[in-house]
Trainee: 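One structure, as C-alpha cells, below. Some questions next.
Below, chain A is the first sequence line, B the second, and so on; all start at residue 1.
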Amino acid sequence: MSAPPPWAQLLALPAEEAALGLLGSTLVVRDDDGAEVAVRLTEVEAYSGELDPGSHAYRGRTERTAPMFRPGGRLYVYFTYGMHWCSNIVCGEDGTASALLLRAGQIVRGLDVARARRPAAKSDRDLARGPARLAQALGLTGADSGLELTVGGRAELEVAEPVTPGQVRTGPRVGVTGPGGDGTVFPWRFWLDGEPTVSDYRPGVRRTRRGP
DNA sequence: CCCCAGATTATCT
DNA sequence: GATAATCTGGGGA
C-alpha cells in the first residue's frame, strides 16, 4: 500500500472545481533519458461530463476517450487538426469523464529541452502558449494518453499553494454551451490574471468547402 | 499590429 | 466522407 499522491484530493474533484487548484501548479514530465521539462500552468479549460456538448466524451466512451472516464490523476492526450497533440489532466471520480485541457503555461525547468522541441517558438513566452504548443514542449503524445501521474514517475504534479480568487479570471469556452445543451455558456476557461503566457483565444476557423 | 489560408490525419458518422 | 478543444508563416495596414 502506498500513500495517495499529494494531488489525489484535488484531482478527485470535477474539472471545473479542480481548475482553481491546478492553476499555478507545475506539471513535470520526464524523458527516458532523464530530461525533464516542468511547466507552471497558467490557463486551463474544463470539459466535464457526458452532458457537456463540447467534450469528447459527449457521445459516450470510445477507445480514444476511455482515459477521461477513469479516476482523476492521469493524462488524456488527443490528436487534432492532423498534426497536433493536446493534453489534459483527468479529474473527477471513476466513470465521470471530466478533464482539464492544459491550454498554456510557463516553462520553469528544462528550458533548453523545451526550446529544442519547439523550434518554431519566437520567444520563451511562446514555448507553451497554447495547448498544442504546451504538449509539444513537454514531449507528450498519444502514447501518454491514460498515463497515471506518479511521484517521481514520467509525469507528476507539484501542487502549488492555492491561488486567491482575485488572481484568477474566467471566461467562456468558445462556441460551446454548457451541460444540458440549453444554450447556457459556462465560464469554464480559467487563467491567471496578468500572465504573459496565457494563450490567444481565437475560435477555430471552420474550414469552408471550396466551391467549384 | 491584424487577418488569412494551408498544413495533414485519427477518429467517428 | 467530414470534422477537428490548432499552429504557423505570409501579406497587408
Trainee: Check whether any side-chain nitrogen or oxygen of A:Thr80 sits under 4.0 Å from OP1 or OP2 of C:dA5, and answer yes or no.
Mentor: no
Trainee: Using whole Å, report how far CH2 of A:Trp85 lies from C1' of C:dA4.
Mentor: 14 Å
Trainee: What's the shortest heavy-atom distance between A:Ala38 and A:Thr26, and which atoms?
Mentor: CB-CG2, 3.7 Å
Trainee: For A:Arg61 and B:dT11, what is the distance between atoms CZ and C1' respectively, to the nearest whole Å?
Mentor: 17 Å
Trainee: Select one nucleotide: of C:dT8, C:dA5, C:dT6, the one nearest the side-chain heavy atoms of A:Ala120.
Mentor: C:dT8
Trainee: Of all the nucleotides listed (B:dT13, C:dT8, C:dC7), which has the minimum atom distance to the side chain of A:Arg59?
Mentor: B:dT13
Trainee: Starting at OH of A:Tyr81 and ending at C1' of C:dT6, how long is that distance when rounded to a whole Å?
Mentor: 6 Å
Trainee: Please confirm whether any donor atom in the side chain of A:His56 sits under 3.5 Å from an acceptor in the base of C:dA5, or the reverse.
Mentor: yes
Trainee: Could you check how far CZ of A:Phe79 sits from P of B:dT9, rounded to whole Å?
Mentor: 7 Å
Trainee: For the pair made of NE2 in A:His84 and P in C:dT3, what is the distance, rounded to whole Å?
Mentor: 19 Å
Trainee: Does a nitrogen or oxygen in the side chain of A:Arg133 sit under 4.0 Å from OP1 or OP2 of C:dT8?
Mentor: yes
Trainee: My understanding is that a pair needs two contacts under 3.5 Å, Watson-Crick or G-U wobble. By that rule, which nucleotide pairs with B:dT8?
Mentor: none
Trainee: Does either side chain, that of A:Gln167 or that of A:Thr164, offer a donor lying less than 3.5 Å from an acceptor on the other one?
Mentor: yes
Trainee: Go through B:dA10, B:dT8, C:dA5 for me and flag the one nearest to the A:Met83 side chain.
Mentor: B:dT8
Trainee: Could you identify the nucleotide paired to B:dT13, looking across every strand shown and requiring Watson-Crick or G-U wobble geometry with both distances under 3.5 Å?
Mentor: none
Trainee: Indicate the ring-plane relationship of A:His56 and A:Tyr76, choosing parallel, tilted or perpendicular according to the 30° and 60° boundaries.
Mentor: perpendicular
Trainee: What's the closest nucleotide to the A:Arg64 side chain, out of C:dC7, C:dA5, B:dC12?
Mentor: B:dC12
Trainee: Figure out the CZ/P separation between A:Phe190 and C:dA5, and round it to whole Å.
Mentor: 19 Å
Trainee: Between the side chains of A:Arg40 and A:Gln106, is a donor N or O closer than 3.5 angstrom to an acceptor N or O?
Mentor: yes
Trainee: Send over the distance from A:Arg129 CZ to C:dT8 C1', rounded to a whole Å.
Mentor: 14 Å
Trainee: Can you find a side chain N or O atom of A:Lys122 that sits less than 4.0 Å from OP1 or OP2 on C:dT8?
Mentor: no
Trainee: State, to 0.1 Å, how close A:Leu134 and A:Arg103 come at their nearest heavy-atom pair, and which atoms those are.
Mentor: CD1-C, 4.4 Å
Trainee: Please evaluate the base of C:dA5 for a donor-acceptor partner in the side chain of A:Tyr78 within a cut-off of under 3.5 Å?
Mentor: yes
Trainee: Rounded to whole Å, how long is the line connecting atom CG of A:Leu127 with atom P of C:dC7?
Mentor: 13 Å
Trainee: Side chain of A:Ala132 only, please: which of C:dG9, C:dA5, C:dC7 is the nearest?
Mentor: C:dC7
